Amino acid sequence: MSSGNISFVKDFFIVGFPGLQPEYYGAVAALLLFAYVCILVGNGTFIALFTLEKCLHKPMYYIILNLVVSDLLFSTTTLPKIIARYWFQAGSISFTGCFIQMYCVHYFGSVSSVILAIMAYDRYVAICNPLRYPNIVTNLNIFCLCLAAWVLTHACPLMMAIRAYPLPYCAGNTIIHCYCDHISITSLACTNRALYGVPAFAFAMVVLLSPLAFIVFSYCAIIVAVLRISSTQGRLKSFSTCSPQLIIIALYFLPRCFIYLSSNIGINFSTDLRLVIIMLYSLFPPMINPLIYCLRTKDVKETLLKRIKVSMNPLFIPTKVNVSTVCV
């Protein structure tokens with residue numbers, strides 16, 4: 001192990017998709033830019049509505065706010081550099097900047113997984129203990145849980161970056177990825193990667209599987225509670241309103257688990273296919289989260305429509321919005 005940073009590498013170059021032909025660089029950059037704009041507009045709209053409308057200052061929307069902020073920060077950390085790489089051939093990133101990006105990628109990903117678990121907890125209490133919901137799920141309790149998510153997930157990504165930074169990097173400086181992450185960086189080190197890869201893999205599995213296990217337990221209990229509803233229409237309504245959350249959770253967790261497992265147990269497939277899967281689970285949830293968590297939520301949808309009508313007709317007098325506490 002290196003006792004200091006004896007690296008011969010002064011900066012890294014983000015390759016992106018290694019099999020992509022240069023004539024398609026502009027199209028890929030435009031597609032990524034479109035995804036980034038959608039993420040900014042969609043999630044930014046929810047932040048604006050939450051800030052302007054006091055009727056949204058409720059536990060469920062505080063949880064969504066934290067997820068939205070995490071999605072925005074993750075996307076802003078990763079997308080501008082890969083867009084610049086394909087649009088302006090500016091794929092170079094400084095040595096320190098690459099490690100900062102690595103830390104942010106793993107940190108915001110960890111925060112999102114814990115926030116999704118908090119969201120599942122909120123739905124579990126709302127469906128399985130509806131009478132106690134106002135006393136258990138308060139703004140203060142949700143604030144404490146979300147704060148814990150941001151604070152407690154900070155340690156492991158920071159430790160991963162600190163342990164990887166001093167390694168001797170003399171095996172090249174090309175990052176075969178769309179952004180810097182632990183695997184792509186440490187694979188360039190001229191040392192035994194197992195000493196750093198195994199703890200990082202264990203951390204990733206804990207961060208992914210612990211919230212996922214809680215989410216599975218919560219939704220199993222929710223399904224049991226919903227099946228006890230005597231009304232068929234009531235059961236269908238509950239399932240239809242909760243199913244989008246399950247889709248987002250599946251899109252977030254399952255591909256991540258597959259990628260981490262395949263990278264550490266020797267499952268080999270095309271590098272480009274692997275990167276496509278990574279970019280899909282990195283970009284698709286932040287793009288459609290505003291549609292699923294916001295536009296399908298009665299409060300947010302009515303608030304958004306009210307704002308649009310007010311902007312188009314200043315004489316429009318908004319009516320009071322009824323609040324729903326059922327599944328989003």
Side-chain angles (χ1 to χ4, degrees), residues 1-15 66 69-82 85 91-115 117 146-212 252-253 256-257 259-265 274-275 278 281-282:
M1 185 194 309
S2 174
S3 59
N5 185 6
I6 61 172
S7 170
F8 299 105
V9 174
K10 301 303 180 185
D11 56 17
F12 293 99
F13 185 84
I14 296 178
V15 174
N66 281 269
V69 171
S70 178
D71 286 343
L72 280 175
L73 292 175
F74 180 90
S75 302
T76 301
T77 298
T78 56
L79 282 177
K81 174 50 68 175
I82 189 62
R85 185 278 183 257
S92 180
I93 184 171
S94 68
F95 187 88
T96 302
C98 195
F99 282 90
I100 293 175
Q101 188 183 61
M102 182 192 82
Y103 161 76
C104 291
V105 163
H106 293 291
Y107 175 52
F108 296 133
S110 302
V111 170
S112 294
S113 65
V114 178
I115 295 298
C146 292
L147 180 63
W150 287 94
V151 173
L152 297 181
T153 56
H154 167 80
C156 286
L158 182 61
M159 185 58 62
M160 289 166 60
I162 291 175
R163 292 193 69 209
Y165 187 83
L167 297 180
Y169 293 94
C170 52
N173 69 334
T174 55
I175 301 292
I176 310 299
H177 205 306
C178 294
Y179 49 76
C180 299
D181 72 341
H182 189 269
I183 294 176
S184 61
I185 293 178
T186 56
S187 62
L188 300 178
C190 301
T191 186
N192 182 11
R193 186 186 175 277
L195 298 175
Y196 306 91
V198 172
F201 173 72
F203 157 72
M205 288 297 98
V206 169
V207 169
L208 285 175
L209 297 183
S210 297
L212 181 58
Y252 182 87
F253 283 101
R256 276 178 165 83
C257 291
I259 290 296
Y260 278 115
L261 285 172
S262 64
S263 300
N264 287 273
I265 64 177
R274 176 176 175 272
L275 292 180
I278 290 174
Y281 73 62
S282 297

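Sequence positions, counted from 1, serve as the residue numbers for this chain. These figures come from a predicted structure and were not determined experimentally.
Of all heavy-atom pairs spanning Ser110 and Thr153, the tightest one is CB-CB, 3.9 Å. Closest approach of Val105 and Phe74 over heavy atoms only: O-CE1, 3.6 Å. The minimum heavy-atom distance linking Thr186 with Leu167 is given by the pair CG2-CD1, 4.4 Å.
Looking at Ser282, Pro211, Ser113 one by one, the single match for side-chain contact (heavy atoms from CB on, under 4.5 Å) with Tyr252 turns out to be Ser113. Of the residues listed (Val151, Ile115, Val114), the one engaging Cys146 in a side-chain contact (heavy atoms from CB on, under 4.5 Å) is Ile115, and it is the only one.
Atoms NZ and CG, on Lys81 and Leu79 in that order, are 13.0 Å from each other to the nearest 0.5 Å. Taking CG from Asp71 and CG from Asn66, the interatomic distance works out to 11.0 Å, rounded to the nearest 0.5 Å. One finds the SG atom of Cys156 at 5.0 Å from the CZ atom of Phe203 (value rounded to the nearest 0.5 Å). In this structure, Phe12 CZ and Ile175 CD1 are separated by 5.0 Å, a value rounded to the nearest 0.5 Å. If you take NE2 on His106 and CG on Leu158, they are separated by 12.5 Å, rounding to the nearest 0.5 Å. To the nearest 0.5 Å, atoms NE2 (His177) and OG1 (Thr78) are separated by 10.0 Å.
Pro199 has its side chain out of reach of Met160: every pair of non-hydrogen atoms, C-beta onward, lies at least 4.5 Å apart. You'll find the side chain of Leu208 stays beyond 4.5 Å of the side chain of Val206, heavy atoms only. Contact check for Ile14 versus Ile82: side-chain heavy atoms found under the 4.5 Å cut-off. Between Thr77 and Tyr179, every side-chain heavy-atom pair lies at or beyond the 4.5 Å cut-off.
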| message | Checking Phe108 against Val69 for the side chain to side chain contact (heavy atoms under 4.5 Å, CB included) test, could you report, in this order, the C-alpha distance in whole Å, the side-chain angles of both residues, the deciding distance, and whether it holds? | response | CA-CA 9 Å; Phe108 296 133; Val69 171; over 6 Å; no
| field | Derivation of the side chain to side chain contact (heavy atoms under 4.5 Å, CB included) call for Ile185 and Tyr169 | value | CA-CA 9 Å; Ile185 293 178; Tyr169 293 94; 3.5 Å; yes
| query | Are Tyr165 and Thr96 close enough, and set up right, to give a side chain to side chain contact (heavy atoms under 4.5 Å, CB included), and what steps lead you there? | reply | CA-CA 8 Å; Tyr165 187 83; Thr96 302; 3.4 Å; yes
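The closest donor-acceptor contact from the side chain of Asp11 to the backbone of Phe95 lies at 3.5 Å or more, if one exists at all. With hydrogens and angles disregarded, a donor-acceptor distance shorter than 3.5 Å links the side chain of Ser187 to the backbone of Ser184. Distance alone, capped at 3.5 Å, places no donor-acceptor pair between the Gln101 side chain and the Asp181 backbone. A donor-acceptor pair is defined here as one N or O able to donate and one able to accept, closer than 3.5 Å; no such pair exists between the side chain of Ser210 and the backbone of Val207.
Side-chain atoms of His182 and Tyr103 form no donor-acceptor pair, as typed in the model, at a separation below 3.5 Å.
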